[in-house]
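Below: the structure, in structure tokens.
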Amino acid sequence: MILVTGGAGFIGSNFVLDWLAQSDEPVLNLDALTYAGNLANLASLQGNSRHVFVHGDIGDRALVDQLLSTHQPRAIVHFAAESHVDRSIHGPGAFMKTNVEGTFNLLEAARAYWGTLQGEARANFRFHHVSTDEVYGSLKPTDPPFAETNPYEPNSPYSASKAASDHLVRAWHHTYGLPVLTTNCSNNYGPYHFPEKLIPLMIVNALAGRPLPVYGDGQQIRDWLYVKDHCSGIRAVLAGGRLGETYNIGGWNEMANIDIVKTVCKLLDELRPDPAGPYARLITYVTDRPGHDRRYAIDARKIERELGWRPAETFETGIRKTVQWYLNHAEWVAQVQSGAYKEWVAANYQAR
Ligand code: NAD
Ligand code: DAU
């Protein structure tokens, strides 16, 4: 089996669902169920004996040791993290705890476990660290996209904590020989995306007739990738990536935030027209994010060259599926907008 951390979050749950749909290999899913973790994402796996869920923290060494020795996974795919840049600005402590200390703890547990393996089990073991393009910092308009050789220049507490975790993973390979793989991916979107992030926030706000808050001038650029393409990229690297290497994963799809928001509005106008008028009427420019990175873009040629991976979805097909998914899952959308979610929205947007 494989051990997945953070498998109740946005990307982790998509990964677990896809994995179990495509392979017989069971998944041990370790997740602390923070505000971002949601068992409803995994509801379709109820009764599936190939999915074993454990409610726990990657920072709990005794628990991780026990899980590794009991279940003997052949790989760890590490998604668990605090993932939201705005929350890292409001409260960086949790990011250091989970992203840095938690990854350190997991690496140490993996190293001890790997040390007990022999023969093929030892040779085939993998620690796959899921990271972000934000570690490379911000691009100027004419810069080439981020390659794996770009220097690390993280600018937010979130990206600094992810950069730190990437460095730990690298060091555990170089010093101890731990068989690691790292992927650095661009912005994901798709089903089960928590509505604190741009695309799902715009969808749920528009449907509720609330303002659509665009930071600054809305001209910041991100490289959007449909989440299931990220999952297939991780599977490709886990299966064939070279040990100790990093692989960038991206959508070849740079878009300005304001164009993303307008696209979402147009799709909603078509799929769920509002008698009050076009959704774009709700667009509201608000105070910018402090330290806001201007542009991210991924050069994904290495993963294509070495492993033959390319995204299957275009932005047009992926965003249409995504908007339709939110329209079809009103219950999920209502459930995730709990009291704690409303508190976050008030904390982040009220004074903007
Ligand atoms: P998410 O915030 O939706 O989910 C994170 C999950 O980790 C949640 O289920 C949460 O409960 C769990 N978790 C948090 N702290 C934990 C702990 N201490 N122990 C165990 N579980 C814990 O995040 P996401 O968007 O799905 O991102 C997953 C990973 O992918 C992260 O490492 C993130 O840095 C990386 N990433 C995300 C994106 C993106 O666009 N969302 C892009 C590139 C890379
Ligand atoms: O690049 C990969 C990263 O993408 C991941 O590592 C992070 O985990 C993930 O959260 C995401 O980070 P971003 O900060 O790019 O994503 P977010 O959805 O928060 O914001 C996308 C852009 O939209 C960013 O430029 C900020 C802007 N934005 C965001 C929100 C929430 C707004 O204009 N208004 C908003 O209300």
Side-chain angles (χ1 to χ4, degrees), residues 4-15 29-39 41-42 54-60 63-64 77-89 94-95 97-99 101-103 105-106 129-136 138 146 156 158-159 161-162 165-166 183-190 192-202 205 211-225 227 230 234 248-250 255-258 260-261 283-289 292-298 344-345 348-349 352:
V4 169
T5 72
F10 163 47
I11 305 173
S13 62
N14 276 285
F15 181 84
N29 184 350
L30 172 62
D31 195 297
L33 297 179
T34 67
Y35 79 90
N38 187 353
L39 286 178
N41 300 3
L42 303 164
V54 177
H55 183 191
D57 195 315
I58 57 165
D60 181 343
L63 172 66
V64 177
V77 186
H78 176 34
F79 293 92
E82 291 292 336
S83 69
H84 191 30
V85 173
D86 292 319
R87 285 190 195 247
S88 82
I89 296 167
F95 290 72
K97 192 104 202 116
T98 287
N99 301 1
E101 286 177 38
T103 301
N105 190 63
L106 206 58
H129 178 56
V130 178
S131 192
T132 172
D133 60 358
E134 301 204 7
V135 297
Y136 298 120
S138 185
F146 300 129
S156 73
Y158 163 69
S159 54
S161 70
K162 290 297 289 188
S165 67
D166 293 11
T183 44
N184 293 85
C185 189
S186 61
N187 285 63
N188 287 212
Y189 67 97
Y192 304 113
H193 205 181
F194 192 71
E196 63 184 357
K197 309 281 170 61
L198 180 72
I199 289 180
L201 180 87
M202 295 300 153
N205 276 15
L212 308 180
V214 173
Y215 295 165
D217 63 4
Q219 293 301 327
Q220 301 81 7
I221 289 172
R222 299 290 183 265
D223 178 351
W224 294 92
L225 179 70
V227 62
H230 185 188
I234 292 171
N248 285 352
I249 305 180
M255 280 180 76
N257 291 341
I258 187 63
I260 294 284
V261 176
I283 292 175
T284 311
Y285 288 90
V286 300
T287 308
D288 209 351
R289 172 186 279 175
H292 199 171
D293 284 337
R294 199 69 186 161
R295 176 179 164 233
Y296 305 143
I298 281 278
W344 162 251
V345 169
N348 192 42
Y349 295 96
R352 276 201 136 95

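Start at 1 and go down the list; that is how both ligands and their atoms are numbered. Keep in mind that the numbers below use all heavy atoms, side chains included, and drop hydrogens, waters and symmetry copies. FYI, the numbering just counts along the sequence from 1.
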If you measure from each non-hydrogen atom of E196 to ligand 2, which part falls under 4.0 Å: side chain, backbone, both or neither?
backbone
Regarding ligand 2, does P213 bring an N or O atom to under 3.5 Å of one of the ligand's N or O atoms?
yes
Within ligand 2, which atoms have a heavy atom of Y349 less than 4.0 Å away?
30 (C), 31 (C), 35 (C), 36 (O)
Given side chains that start at C-beta, do those of V77 and V130 come closer than 4.5 Å, heavy atoms only?
yes
Just jot down the ligand 1 atoms closer than 4.0 angstrom to any heavy atom of V130, in number order.
30 (O), 32 (O)
Are the side chains of I58 and N105 in contact, using a 4.5 Å heavy-atom criterion?
no
Looking only at N/O atoms, are T34 and ligand 1 under 3.5 Å apart anywhere?
yes
For atom 20 (O) of ligand 2, which candidate among R295, R289, E134 holds the nearest heavy atom?
R289
For ligand 1, which is the ligand I care about here, please tell me if Y35 has any N or O atom under 3.5 Å from one of the ligand's N or O atoms.
no
Ligand 1 atoms in contact with K162 (distance to a heavy atom under 4.0 Å)
31 (C), 32 (O), 33 (C), 34 (O)
Examine N257 against ligand 2 and note whether any of their N/O atoms are separated by less than 3.5 Å.
yes
Closest to atom 14 (C) of ligand 1 among A81, G6, A36 (heavy-atom distance)
A81
Does an N or O anywhere in H78 fall below 3.5 Å from an N or O of ligand 1?
no
Closest heavy-atom pair and its distance - E196, S83
OE2-OG, 4.5 Å
What I'd like to find out is whether the side chain of N41 reaches to under 4.5 Å of the side chain of N14, using heavy atoms alone.
no
Min side-chain heavy-atom separation L30-L63 under 4.5 Å
yes
Could you pull out the closest heavy-atom pair between D31 and A8, with the gap in Å?
OD2-N, 2.9 Å
Atom indices of ligand 1, in the order listed, that fall short of 4.0 Å to a heavy atom of N187
40 (O)
Looking only at distances, can you tell me whether any N or O atom of N188, backbone or side chain, sits closer than 3.5 Å to an N or O atom of ligand 1?
yes
Just which atoms of ligand 1 are under 4.0 Å from any heavy atom in Y158?
33 (C), 34 (O)
Evaluating non-hydrogen atoms only, which member of D60, V227, I11 is closest to atom 38 (C) of ligand 1?
I11
Counting only heavy atoms, which portion of Y192 has something under 4.0 Å from ligand 1: side chain, backbone, both, or neither?
neither
Would G9 count as being in polar contact with ligand 1, using the rule that some N or O on each side must be under 3.5 angstrom apart?
yes
Which of the atoms of ligand 1 are close to G56, meaning less than 4.0 Å from one of its heavy atoms?
19 (N), 20 (C)
Number the atoms of ligand 2 from 1 as they appear, then name those within less than 4.0 Å of a heavy atom of H292, with their elements.
24 (C), 25 (O), 26 (C)
Report the part of L33 (side chain from C-beta onward, or backbone N, CA, C, O) that has a heavy atom under 4.0 Å from ligand 1; answer both or neither where that applies.
backbone
Among side-chain atoms of N184 and D166, is any donor-acceptor pair under 3.5 angstrom?
yes
Polar proximity ligand 2 side, R222 side, N/O cut 3.5 Å exclusive
yes
For the residue pair Y285 and G218, what are the closest heavy atoms and their distance?
CE2-N, 4.3 Å
For atom 33 (O) of ligand 2, what's the nearest protein heavy atom and its distance?
Y215 N, 2.8 Å
Judged by non-hydrogen atoms, does A8 sit under 4.0 Å from ligand 1?
yes
What about D133: any of its N or O atoms under 3.5 Å from an N or O on ligand 2?
yes
Ligand 2 atoms nearer than 4.0 angstrom to some heavy atom of Y158 are 5 (C), 6 (O), 7 (C), 8 (O)
Any atoms of ligand 2 less than 4.0 Å from a non-hydrogen atom of V214? List them with their elements.
33 (O)
Flag the pair M202 / P195 as yes when at least one side-chain heavy-atom distance between them is below 4.5 Å, and no otherwise.
no
Indicate yes or no: does an N/O atom of H230 lie under 3.5 Å from an N/O atom of ligand 1?
no
Would you mind running through ligand 2 and noting each atom that sits below 4.0 Å from a heavy atom of V85?
14 (O)
With heavy-atom distances below 4.0 Å as the criterion, list the atoms of ligand 1 near S131.
43 (C), 44 (C)
If I compare all heavy atoms of T98 with all of A81, which pair ends up nearest, and what's the gap?
CG2-CA, 3.7 Å
For P213 versus L201, what's the shortest heavy-atom pair and its separation?
CG-CD2, 3.8 Å
Looking at E101, H78, H129, which one forms a side-chain hydrogen bond (donor to acceptor under 3.5 Å, both in side chains) with S165?
H129
Could you tell me if the side chain of D293 sits less than 4.5 Å from the side chain of V85, heavy atoms only?
no
Region of K197 that comes within reach of ligand 2 [heavy atoms, distance under 4.0 Å]
both
Working to the nearest 0.5 Å, report the span between OG1 of T132 and OH of Y158.
4.0 Å
Tell me which one of F10, Y296, W224 gets a heavy atom nearest to atom 25 (O) of ligand 1.
F10
Cut-off 3.5 Å, side chains only: do D86 and Y215 have a donor facing an acceptor?
yes
Numbered atoms of ligand 2 (with element) below 4.0 Å of L201, judged on heavy atoms:
36 (O)
Is there a side-chain contact between Y35 and E82 (heavy atoms, below 4.5 Å)?
yes
Distance-only N or O hit between ligand 1 and A32, under 3.5 Å
yes
Which of the numbered atoms in ligand 1 are under 4.0 angstrom from any heavy atom belonging to F79?
28 (C), 29 (C), 31 (C), 32 (O)
Quick one: look up the protein heavy atom nearest atom 9 (C) of ligand 2 and list residue, atom name and how far away it is.
S83 O, 3.9 Å
Is the shortest N/O to N/O distance between Y296 and ligand 2 below 3.5 Å?
no
Pick from N348, N187, L198: the one approaching atom 18 (O) of ligand 2 most closely through a non-hydrogen atom:
L198
Just jot down the side-chain contact (heavy atoms from CB on, under 4.5 Å) partners of Q219, sequence neighbours excluded, or say none.
D217, A256, I258, R294
Quick check: does A80 get an N/O under 3.5 Å from an N/O on ligand 1?
no
With respect to H193, determine whether any N or O atom, backbone or side chain, lies less than 3.5 Å from an N or O atom of ligand 1.
no
Donor-acceptor check, side chain of N188 to backbone of S186, threshold 3.5 angstrom: yes or no?
yes
If you count the atoms of ligand 2 from 1 in the order shown, which ones are under 4.0 Å from a heavy atom of T132?
1 (O), 2 (C), 3 (C), 5 (C), 6 (O)
Find all atoms of ligand 2 within a distance of less than 4.0 Å from any non-hydrogen atom belonging to H84, and give their numbers and elements.
19 (O)
Where's the contact between S13 and ligand 1, heavy-atom distance under 4.0 Å: side chain, backbone, both or neither?
neither
Would you say the side chain of Y192 lies within less than 4.5 Å of the side chain of N38, judging by non-hydrogen atoms?
no
Below 3.5 angstrom, do we get any N/O pair linking C185 and ligand 1?
no
